[in-house]
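Report on the structure given below.
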Amino acid sequence: MAENSEPTPTGARRLFPRPLGLHLTSAMMGLTGAAAAAPLARRNAVPWHPSLRTRAETLIADLQGVSDADLTAAIWQQAQRILGDMLRGIQAYQDHPYHRTAPDMPTVWQQGAATLSDFGGSGRPALFVPSLVNRAYVLDLEEGNSLCRWLAAQGSVRPLLLDWGKPGPVEKHHGLGDYIAGPLHSALDHAVAVAGGPVPLVGYCMGGTLSVAAAQLFREKVSHLALLATPWDFHADISAPAKLFAESVPTWRPVLDVFGEMPLDLLQSFFAALDPGLAQRKFTRFARLDPDSEAARRFVILEDWLNDGVPLTARVAMETLGGWFGENLTAAGRWIVDGQIIDPARISQPTLIAVPARDRIVPPASAKALSDRIAHAQVLEPQAGHIGMVVGSSARSNLWSPLQTWFDTAG
(Lines give C-alpha, C1' and ligand atoms only; values in the text may rest on other atoms or scores of the structure.)
Protein backbone atom coordinates (compact mmCIF):
# COMPACT_ATOMS: atom_id res chain seq x y z
CA MET A 1 0.00 0.00 0.00
CA ALA A 2 1.42 3.37 -0.95
CA GLU A 3 2.07 5.55 2.08
CA ASN A 4 1.98 9.35 2.22
CA SER A 5 3.60 9.80 5.60
CA GLU A 6 7.10 9.54 6.95
CA PRO A 7 7.10 6.79 9.58
CA THR A 8 9.57 6.86 12.43
CA PRO A 9 12.88 5.53 11.04
CA THR A 10 14.04 2.22 12.46
CA GLY A 11 16.11 2.90 15.58
CA ALA A 12 14.87 6.48 15.98
CA ARG A 13 13.10 7.54 19.15
CA ARG A 14 9.44 8.44 18.78
CA LEU A 15 8.44 11.96 19.78
CA PHE A 16 4.78 11.13 20.41
CA PRO A 17 2.17 10.46 21.84
CA ARG A 18 0.84 13.70 20.47
CA PRO A 19 0.03 16.22 21.74
CA LEU A 20 2.46 15.15 24.45
CA GLY A 21 2.24 18.41 26.39
CA LEU A 22 -1.55 18.18 26.60
CA HIS A 23 -1.46 14.56 27.79
CA LEU A 24 1.03 15.39 30.54
CA THR A 25 -0.84 18.54 31.58
CA SER A 26 -4.17 16.69 31.74
CA ALA A 27 -2.66 13.98 33.92
CA MET A 28 -0.99 16.44 36.27
CA MET A 29 -4.10 18.62 36.57
CA GLY A 30 -6.27 15.59 37.32
CA LEU A 31 -3.92 14.33 40.00
CA THR A 32 -3.42 17.81 41.47
CA GLY A 33 -7.17 18.32 41.53
CA ALA A 34 -7.61 15.07 43.43
CA ALA A 35 -5.25 16.26 46.16
CA ALA A 36 -6.88 19.68 46.34
CA ALA A 37 -10.42 18.27 46.53
CA ALA A 38 -9.71 15.59 49.13
CA PRO A 39 -10.48 17.74 52.22
CA LEU A 40 -13.75 18.88 50.63
CA ALA A 41 -14.69 15.38 49.55
CA ARG A 42 -14.36 13.95 53.04
CA ARG A 43 -16.78 16.66 54.26
CA ASN A 44 -19.25 15.58 51.58
CA ALA A 45 -18.86 18.96 49.89
CA VAL A 46 -18.20 17.43 46.46
CA PRO A 47 -21.17 16.66 44.13
CA TRP A 48 -20.52 12.97 43.46
CA HIS A 49 -21.71 11.31 40.30
CA PRO A 50 -24.64 9.00 41.19
CA SER A 51 -22.64 5.95 40.11
CA LEU A 52 -19.89 6.83 42.62
CA ARG A 53 -21.97 7.98 45.57
CA THR A 54 -22.09 4.64 47.43
CA ARG A 55 -18.34 4.10 47.08
CA ALA A 56 -17.69 7.70 48.12
CA GLU A 57 -19.78 7.34 51.28
CA THR A 58 -17.88 4.17 52.20
CA LEU A 59 -14.54 5.89 51.61
CA ILE A 60 -15.53 8.93 53.68
CA ALA A 61 -16.49 6.66 56.56
CA ASP A 62 -13.15 4.84 56.32
CA LEU A 63 -11.28 8.13 56.52
CA GLN A 64 -12.73 9.18 59.84
CA GLY A 65 -9.88 9.95 62.19
CA VAL A 66 -7.38 10.70 59.40
CA SER A 67 -6.19 14.30 59.38
CA ASP A 68 -6.46 16.50 56.29
CA ALA A 69 -2.67 16.83 56.22
CA ASP A 70 -2.10 13.07 56.31
CA LEU A 71 -4.78 12.48 53.69
CA THR A 72 -3.34 15.10 51.33
CA ALA A 73 0.19 13.74 51.80
CA ALA A 74 -0.99 10.21 51.01
CA ILE A 75 -2.80 11.40 47.87
CA TRP A 76 0.28 13.33 46.71
CA GLN A 77 2.41 10.23 47.20
CA GLN A 78 -0.02 8.15 45.13
CA ALA A 79 -0.24 10.88 42.49
CA GLN A 80 3.54 10.92 42.09
CA ARG A 81 3.58 7.15 41.72
CA ILE A 82 0.85 7.25 39.06
CA LEU A 83 2.56 10.05 37.14
CA GLY A 84 5.88 8.20 37.36
CA ASP A 85 4.29 5.06 35.94
CA MET A 86 2.78 7.08 33.09
CA LEU A 87 6.14 8.66 32.26
CA ARG A 88 7.87 5.29 32.31
CA GLY A 89 5.22 3.97 29.97
CA ILE A 90 5.69 6.88 27.57
CA GLN A 91 9.46 6.41 27.62
CA ALA A 92 9.10 2.66 26.99
CA TYR A 93 6.79 3.37 24.05
CA GLN A 94 9.12 6.00 22.57
CA ASP A 95 12.06 3.58 22.72
CA HIS A 96 10.21 0.44 21.58
CA PRO A 97 11.98 -1.23 18.62
CA TYR A 98 8.83 -2.12 16.65
CA HIS A 99 8.21 -0.32 13.35
CA ARG A 100 5.59 -1.14 10.75
CA THR A 101 7.03 -3.24 7.94
CA ALA A 102 3.98 -4.37 5.95
CA PRO A 103 4.94 -4.33 2.24
CA ASP A 104 3.16 -1.81 0.06
CA MET A 105 0.39 -3.06 -2.18
CA PRO A 106 0.35 -1.85 -5.80
CA THR A 107 -0.94 1.68 -6.35
CA VAL A 108 -3.37 1.52 -9.27
CA TRP A 109 -4.80 5.06 -9.28
CA GLN A 110 -3.89 8.51 -7.99
CA GLN A 111 -5.54 11.92 -7.90
CA GLY A 112 -3.67 14.67 -6.09
CA ALA A 113 -2.67 13.28 -2.70
CA ALA A 114 -5.20 10.42 -2.87
CA THR A 115 -4.13 6.95 -3.96
CA LEU A 116 -5.79 3.58 -4.43
CA SER A 117 -4.11 0.31 -3.42
CA ASP A 118 -5.13 -2.99 -4.99
CA PHE A 119 -4.99 -6.02 -2.67
CA GLY A 120 -5.70 -8.46 -5.47
CA GLY A 121 -7.52 -11.74 -5.07
CA SER A 122 -10.11 -13.52 -7.16
CA GLY A 123 -13.18 -11.77 -5.75
CA ARG A 124 -15.16 -8.84 -7.09
CA PRO A 125 -13.61 -5.41 -6.57
CA ALA A 126 -14.86 -3.45 -3.54
CA LEU A 127 -13.90 0.10 -2.60
CA PHE A 128 -12.84 0.68 1.02
CA VAL A 129 -13.08 4.25 2.31
CA PRO A 130 -11.31 5.25 5.55
CA SER A 131 -11.66 8.41 7.61
CA LEU A 132 -10.13 11.68 6.48
CA VAL A 133 -8.68 12.10 9.98
CA ASN A 134 -6.61 8.94 10.43
CA ARG A 135 -4.46 6.98 8.01
CA ALA A 136 -5.95 4.32 5.76
CA TYR A 137 -3.57 1.59 6.88
CA VAL A 138 -5.67 0.77 9.93
CA LEU A 139 -7.40 -1.52 7.42
CA ASP A 140 -3.98 -2.98 6.54
CA LEU A 141 -2.15 -2.68 9.85
CA GLU A 142 0.34 -5.53 9.35
CA GLU A 143 0.50 -8.72 7.35
CA GLY A 144 -1.06 -10.84 10.09
CA ASN A 145 -3.60 -8.22 11.09
CA SER A 146 -5.10 -6.75 7.94
CA LEU A 147 -8.79 -6.73 7.08
CA CYS A 148 -8.03 -6.05 3.43
CA ARG A 149 -5.37 -8.76 3.04
CA TRP A 150 -7.55 -11.31 4.83
CA LEU A 151 -10.61 -10.58 2.66
CA ALA A 152 -8.50 -10.81 -0.49
CA ALA A 153 -7.21 -14.22 0.63
CA GLN A 154 -10.76 -15.51 1.18
CA GLY A 155 -11.68 -14.83 -2.44
CA SER A 156 -14.95 -12.99 -1.73
CA VAL A 157 -13.80 -9.50 -2.67
CA ARG A 158 -10.80 -7.76 -4.17
CA PRO A 159 -10.24 -4.82 -1.80
CA LEU A 160 -9.29 -1.47 -3.31
CA LEU A 161 -8.25 0.79 -0.43
CA LEU A 162 -8.52 4.55 -0.79
CA ASP A 163 -5.82 6.53 1.01
CA TRP A 164 -6.72 10.24 1.16
CA GLY A 165 -3.13 11.28 1.83
CA LYS A 166 -2.03 14.55 3.38
CA PRO A 167 -3.79 17.61 1.89
CA GLY A 168 -1.52 19.20 -0.70
CA PRO A 169 -1.89 22.01 -3.25
CA VAL A 170 -4.79 20.23 -4.98
CA GLU A 171 -6.75 19.67 -1.76
CA LYS A 172 -5.89 22.71 0.37
CA HIS A 173 -9.23 24.42 -0.32
CA HIS A 174 -11.33 21.23 -0.33
CA GLY A 175 -14.51 20.86 1.65
CA LEU A 176 -16.35 17.60 2.24
CA GLY A 177 -18.25 17.93 -1.03
CA ASP A 178 -15.00 18.33 -2.94
CA TYR A 179 -13.60 15.12 -1.46
CA ILE A 180 -16.81 13.24 -2.28
CA ALA A 181 -17.21 14.59 -5.83
CA GLY A 182 -13.45 14.47 -6.45
CA PRO A 183 -11.20 11.63 -5.24
CA LEU A 184 -14.00 9.45 -3.82
CA HIS A 185 -16.05 9.61 -7.01
CA SER A 186 -12.98 9.11 -9.20
CA ALA A 187 -11.78 6.14 -7.15
CA LEU A 188 -15.29 4.68 -7.40
CA ASP A 189 -15.18 5.13 -11.18
CA HIS A 190 -11.87 3.24 -11.28
CA ALA A 191 -13.32 0.40 -9.20
CA VAL A 192 -16.39 0.23 -11.46
CA ALA A 193 -14.16 0.09 -14.54
CA VAL A 194 -12.13 -2.77 -13.03
CA ALA A 195 -15.30 -4.65 -12.04
CA GLY A 196 -17.25 -3.93 -15.19
CA GLY A 197 -20.21 -2.77 -13.13
CA PRO A 198 -21.30 -1.38 -9.75
CA VAL A 199 -19.18 -2.32 -6.73
CA PRO A 200 -19.59 -2.66 -2.97
CA LEU A 201 -18.63 0.44 -0.99
CA VAL A 202 -17.22 -0.06 2.53
CA GLY A 203 -16.79 3.00 4.75
CA TYR A 204 -15.06 3.10 8.13
CA CYS A 205 -15.74 5.82 10.70
CA MET A 206 -15.95 9.22 8.98
CA GLY A 207 -15.31 7.39 5.70
CA GLY A 208 -18.67 5.72 6.23
CA THR A 209 -20.43 9.08 6.55
CA LEU A 210 -18.87 10.14 3.24
CA SER A 211 -19.88 6.79 1.75
CA VAL A 212 -23.53 7.39 2.67
CA ALA A 213 -23.39 10.51 0.51
CA ALA A 214 -21.62 8.65 -2.31
CA ALA A 215 -24.16 5.82 -2.27
CA GLN A 216 -26.96 8.36 -2.67
CA LEU A 217 -25.28 10.61 -5.24
CA PHE A 218 -23.75 7.82 -7.36
CA ARG A 219 -26.26 5.06 -6.64
CA GLU A 220 -25.89 3.40 -10.04
CA LYS A 221 -22.21 2.73 -9.28
CA VAL A 222 -22.67 1.25 -5.78
CA SER A 223 -24.03 -2.30 -5.51
CA HIS A 224 -23.76 -2.73 -1.72
CA LEU A 225 -22.99 -0.47 1.24
CA ALA A 226 -21.18 -1.45 4.44
CA LEU A 227 -20.86 1.16 7.19
CA LEU A 228 -18.38 0.34 9.95
CA ALA A 229 -18.53 2.39 13.16
CA THR A 230 -20.03 5.25 11.16
CA PRO A 231 -21.29 8.37 12.98
CA TRP A 232 -24.56 9.98 11.94
CA ASP A 233 -26.31 11.51 14.95
CA PHE A 234 -23.45 13.53 16.39
CA HIS A 235 -25.47 14.66 19.41
CA ALA A 236 -26.42 11.15 20.50
CA ASP A 237 -24.68 10.49 23.83
CA ILE A 238 -22.18 13.26 23.09
CA SER A 239 -19.85 13.88 26.01
CA ALA A 240 -19.69 17.28 27.67
CA PRO A 241 -16.02 17.84 26.63
CA ALA A 242 -16.78 16.94 23.01
CA LYS A 243 -19.78 19.27 22.95
CA LEU A 244 -17.75 22.10 24.45
CA PHE A 245 -14.95 21.50 21.96
CA ALA A 246 -17.34 21.53 18.99
CA GLU A 247 -19.04 24.71 20.18
CA SER A 248 -15.66 26.44 20.39
CA VAL A 249 -14.80 25.80 16.73
CA PRO A 250 -15.68 29.36 15.55
CA THR A 251 -13.03 30.77 17.91
CA TRP A 252 -10.37 28.79 16.02
CA ARG A 253 -11.13 30.51 12.73
CA PRO A 254 -8.04 32.75 12.95
CA VAL A 255 -5.87 29.62 13.38
CA LEU A 256 -7.47 27.99 10.35
CA ASP A 257 -7.07 31.18 8.32
CA VAL A 258 -3.36 31.44 9.17
CA PHE A 259 -2.44 27.79 8.61
CA GLY A 260 -5.04 26.98 5.94
CA GLU A 261 -5.74 23.75 7.83
CA MET A 262 -6.41 22.39 11.27
CA PRO A 263 -2.96 21.44 12.62
CA LEU A 264 -2.71 17.82 13.62
CA ASP A 265 -1.93 18.53 17.27
CA LEU A 266 -5.04 20.70 17.56
CA LEU A 267 -7.10 17.96 15.95
CA GLN A 268 -5.62 15.39 18.33
CA SER A 269 -6.63 17.68 21.21
CA PHE A 270 -10.24 17.11 20.23
CA PHE A 271 -9.90 13.35 20.55
CA ALA A 272 -8.01 13.76 23.83
CA ALA A 273 -10.92 15.84 25.13
CA LEU A 274 -13.27 12.87 24.67
CA ASP A 275 -11.47 11.11 27.55
CA PRO A 276 -8.87 13.37 29.21
CA GLY A 277 -7.60 10.58 31.47
CA LEU A 278 -7.11 7.97 28.74
CA ALA A 279 -3.43 8.68 28.05
CA GLN A 280 -2.55 8.40 31.73
CA ARG A 281 -4.38 5.08 32.07
CA LYS A 282 -3.08 3.41 28.93
CA PHE A 283 0.57 4.38 29.36
CA THR A 284 0.45 3.36 33.02
CA ARG A 285 -0.74 -0.07 31.87
CA PHE A 286 1.90 -0.18 29.15
CA ALA A 287 4.65 0.48 31.72
CA ARG A 288 3.76 -2.84 33.35
CA LEU A 289 3.96 -4.89 30.16
CA ASP A 290 6.92 -7.01 29.11
CA PRO A 291 8.26 -4.98 26.13
CA ASP A 292 8.82 -8.24 24.22
CA SER A 293 5.25 -9.42 24.72
CA GLU A 294 2.59 -9.61 22.04
CA ALA A 295 0.45 -7.21 24.09
CA ALA A 296 3.23 -4.60 24.05
CA ARG A 297 3.75 -4.99 20.31
CA ARG A 298 0.02 -4.58 19.63
CA PHE A 299 -0.05 -1.45 21.78
CA VAL A 300 2.84 0.09 19.85
CA ILE A 301 1.32 -0.77 16.46
CA LEU A 302 -1.94 0.99 17.29
CA GLU A 303 -0.34 3.91 19.09
CA ASP A 304 1.90 4.57 16.09
CA TRP A 305 -1.15 4.59 13.83
CA LEU A 306 -3.08 6.91 16.15
CA ASN A 307 -0.20 9.38 16.09
CA ASP A 308 0.30 9.16 12.33
CA GLY A 309 -2.69 11.32 11.48
CA VAL A 310 -3.07 14.04 8.87
CA PRO A 311 -4.38 17.60 9.24
CA LEU A 312 -7.81 18.59 7.99
CA THR A 313 -8.26 21.38 5.50
CA ALA A 314 -9.80 24.51 7.02
CA ARG A 315 -13.13 23.93 5.25
CA VAL A 316 -13.35 20.28 6.28
CA ALA A 317 -12.55 21.24 9.89
CA MET A 318 -15.36 23.79 9.95
CA GLU A 319 -17.82 21.45 8.21
CA THR A 320 -17.13 18.43 10.42
CA LEU A 321 -16.49 19.94 13.83
CA GLY A 322 -18.78 22.92 13.35
CA GLY A 323 -21.44 21.48 11.04
CA TRP A 324 -21.50 17.82 12.09
CA PHE A 325 -20.55 17.96 15.78
CA GLY A 326 -21.78 21.47 16.47
CA GLU A 327 -25.02 21.69 14.48
CA ASN A 328 -25.62 17.95 13.90
CA LEU A 329 -26.46 18.66 10.26
CA THR A 330 -26.49 14.97 9.31
CA ALA A 331 -29.16 13.82 11.76
CA ALA A 332 -31.10 17.07 11.36
CA GLY A 333 -31.47 16.43 7.63
CA ARG A 334 -29.53 19.57 6.70
CA TRP A 335 -26.28 18.15 5.34
CA ILE A 336 -26.19 19.16 1.67
CA VAL A 337 -23.72 17.79 -0.89
CA ASP A 338 -23.86 18.75 -4.55
CA GLY A 339 -27.23 20.42 -4.04
CA GLN A 340 -28.84 17.35 -2.44
CA ILE A 341 -29.83 16.77 1.18
CA ILE A 342 -28.09 13.54 2.17
CA ASP A 343 -30.77 11.27 3.58
CA PRO A 344 -29.93 7.64 4.48
CA ALA A 345 -33.58 6.74 3.92
CA ARG A 346 -32.86 7.10 0.20
CA ILE A 347 -30.27 4.32 0.31
CA SER A 348 -31.67 1.37 -1.65
CA GLN A 349 -28.61 -0.87 -1.87
CA PRO A 350 -28.21 -3.89 0.46
CA THR A 351 -26.63 -2.39 3.56
CA LEU A 352 -24.66 -3.67 6.54
CA ILE A 353 -24.18 -1.43 9.59
CA ALA A 354 -21.55 -2.50 12.13
CA VAL A 355 -22.02 -0.83 15.52
CA PRO A 356 -19.27 -1.77 18.00
CA ALA A 357 -20.90 -1.99 21.42
CA ARG A 358 -17.93 -0.53 23.33
CA ASP A 359 -17.17 2.33 20.95
CA ARG A 360 -16.03 5.47 22.83
CA ILE A 361 -15.20 7.45 19.68
CA VAL A 362 -18.50 6.99 17.86
CA PRO A 363 -21.16 6.31 20.53
CA PRO A 364 -23.30 3.33 19.49
CA ALA A 365 -26.40 5.55 19.51
CA SER A 366 -24.78 7.77 16.88
CA ALA A 367 -24.15 4.84 14.52
CA LYS A 368 -27.52 3.20 15.23
CA ALA A 369 -29.23 6.34 13.96
CA LEU A 370 -28.35 5.07 10.48
CA SER A 371 -30.25 1.82 11.02
CA ASP A 372 -33.27 3.89 12.02
CA ARG A 373 -33.12 5.61 8.63
CA ILE A 374 -32.09 2.60 6.51
CA ALA A 375 -34.91 0.23 7.42
CA HIS A 376 -33.65 -2.71 5.34
CA ALA A 377 -30.12 -2.62 6.78
CA GLN A 378 -28.61 -5.62 8.55
CA VAL A 379 -27.09 -4.54 11.88
CA LEU A 380 -24.01 -6.17 13.40
CA GLU A 381 -23.13 -5.31 17.02
CA PRO A 382 -19.71 -6.77 17.86
CA GLN A 383 -18.55 -6.65 21.48
CA ALA A 384 -15.59 -4.43 20.68
CA GLY A 385 -14.40 -0.85 20.57
CA HIS A 386 -14.06 1.50 17.62
CA ILE A 387 -10.56 0.36 16.65
CA GLY A 388 -10.59 -3.08 18.26
CA MET A 389 -13.48 -4.12 16.00
CA VAL A 390 -11.14 -3.75 13.00
CA VAL A 391 -7.73 -4.79 14.35
CA GLY A 392 -8.25 -6.25 17.83
CA SER A 393 -7.43 -9.80 18.87
CA SER A 394 -11.04 -10.83 18.13
CA ALA A 395 -11.43 -8.77 14.95
CA ARG A 396 -11.67 -11.86 12.74
CA SER A 397 -14.72 -13.21 14.58
CA ASN A 398 -16.17 -9.80 15.45
CA LEU A 399 -16.05 -8.22 12.00
CA TRP A 400 -13.94 -9.86 9.30
CA SER A 401 -15.85 -13.15 9.02
CA PRO A 402 -19.34 -11.58 9.35
CA LEU A 403 -18.38 -9.02 6.69
CA GLN A 404 -17.19 -11.77 4.36
CA THR A 405 -20.41 -13.73 4.96
CA TRP A 406 -22.46 -10.63 4.19
CA PHE A 407 -20.56 -10.10 0.93
CA ASP A 408 -21.28 -13.73 -0.01
CA THR A 409 -24.98 -13.69 0.86
CA ALA A 410 -26.24 -10.13 0.34
CA GLY A 411 -26.94 -10.75 -3.32
Side-chain angles (χ1 to χ4, degrees), residues 3 5-35 74-103 133-146 263-310 358-361 384-395:
E3 296 293 345
S5 70
E6 296 180 1
T8 306
T10 300
R13 192 179 199 210
R14 297 170 176 84
L15 300 179
F16 14 95
R18 60 195 312 173
L20 182 56
L22 178 62
H23 290 318
L24 294 175
T25 300
S26 296
M28 288 187 286
M29 288 181 65
L31 296 170
T32 300
I75 292 175
W76 273 118
Q77 184 178 22
Q78 179 73 350
Q80 290 172 351
R81 184 192 65 77
I82 291 173
L83 184 60
D85 287 345
M86 177 188 180
L87 292 172
R88 280 189 291 275
I90 290 174
Q91 184 177 26
Y93 164 63
Q94 290 179 331
D95 292 335
H96 200 279
Y98 169 81
H99 295 278
R100 183 172 180 268
T101 58
V133 176
N134 292 112
R135 300 300 308 279
Y137 66 83
V138 70
L139 302 179
D140 181 35
L141 197 59
E142 56 180 342
E143 288 190 88
N145 191 5
S146 167
L264 182 56
D265 281 350
L266 182 57
L267 184 60
Q268 293 282 35
S269 298
F270 170 73
F271 292 106
L274 298 177
D275 187 350
L278 177 59
Q280 179 263 308
R281 295 195 305 273
K282 69 180 181 180
F283 282 102
T284 295
R285 288 195 298 268
F286 183 67
R288 299 175 184 140
L289 293 178
D290 176 352
D292 295 327
S293 67
E294 176 65 16
R297 192 181 66 83
R298 279 183 171 273
F299 178 93
V300 171
I301 292 170
L302 285 178
E303 196 62 29
D304 280 356
W305 171 75
L306 285 168
N307 286 282
D308 186 25
V310 293
R358 299 197 297 268
D359 198 331
R360 290 186 296 180
I361 296 175
H386 186 84
I387 301 170
M389 176 183 72
V390 177
V391 296
S393 58
S394 299

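Residue numbers run from 1 in the order of the sequence given.
For the atom pair R358 CZ and H386 NE2, the distance stands at 14.5 Å (nearest 0.5 Å). One distance of note links CG of L266 with CG of L22; it measures 10.0 Å at 0.5 Å rounding. Distance check: D95 CG to Y93 OH gives 11.5 Å after rounding to the nearest 0.5 Å.
Ring planes of F286 and F299: parallel class, angle under 30° (limits at 30 and 60°).
For the pair F16 and R18, the tightest heavy-atom approach, listed with the atom from each and the gap, is CB-N, 3.4 Å. Closest heavy-atom contact between S26 and P276: CB-O, 3.8 Å. For E142 against Y98, the heavy-atom pair with the smallest separation is OE1-OH, 4.1 Å. The two residues Q78 and R81 come nearest to each other via the heavy atoms NE2-NH2, 2.9 Å. Between P19 and D265 the shortest heavy-atom distance is CG-O, 3.9 Å. Closest approach of Q280 to T284, counting heavy atoms only: O-OG1, 2.7 Å.
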Derivation of the side chain to side chain contact (heavy atoms under 4.5 Å, CB included) call for Q94 and L20: CA-CA 11 Å; Q94 290 179 331; L20 182 56; 4.2 Å; yes

As a quick check of understanding, evaluate salt bridge (charged side-chain N to carboxylate O under 4.0 Å, His left out) for E303 and K282, giving each step before the final call. CA-CA 10 Å; E303 196 62 29; K282 69 180 181 180; 2.8 Å; yes

Go through it in stages, so that I can follow the logic: the residues are M389 and D359, the test is side chain to side chain contact (heavy atoms under 4.5 Å, CB included), and I'd like the CA-CA distance, side-chain angles, deciding distance and then a yes or no. CA-CA 9 Å; M389 176 183 72; D359 198 331; over 6 Å; no

Show your working on side chain to side chain contact (heavy atoms under 4.5 Å, CB included) between R14 and V300 and close with a plain yes or no. CA-CA 11 Å; R14 297 170 176 84; V300 171; 3.4 Å; yes

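A donor-acceptor contact closer than 3.5 angstrom is absent between the side chains of R88 and Q91. Side chains of D308 and Y137: a donor-acceptor N/O pair is present below 3.5 angstrom, by distance only.
Residues D275 and R360 are paired through a salt bridge, judged by an N-O separation under 4.0 Å between the basic side chain and the carboxylate.
Residue Q77 qualifies as open at atom CD: its count of foreign heavy atoms under 6.0 Å is 12 or below. Summarising the local packing, CE of M28 is surrounded by more than 12 heavy atoms from other residues, nucleotides or ligands at distances under 6.0 Å.
Screening V391, L289, N145 against R298 for a side chain to side chain contact (heavy atoms under 4.5 Å, CB included) leaves a single residue, N145. Residue F271 is tested with V133, L278, L306 for a side chain to side chain contact (heavy atoms under 4.5 Å, CB included); the sole match is V133.
L87 has its side chain within reach of L24: a pair of non-hydrogen atoms, C-beta onward, lies under 4.5 Å apart. Inter-residue side-chain proximity for L141 and L302 is flagged as met; some heavy-atom pair is nearer than 4.5 Å. Using a 4.5 Å heavy-atom threshold, the side chains of L31 and Q80 count as separate.
With hydrogens and angles ignored, the 3.5 Å screen pairs a side-chain donor or acceptor of H96 with a backbone N or O of P291.
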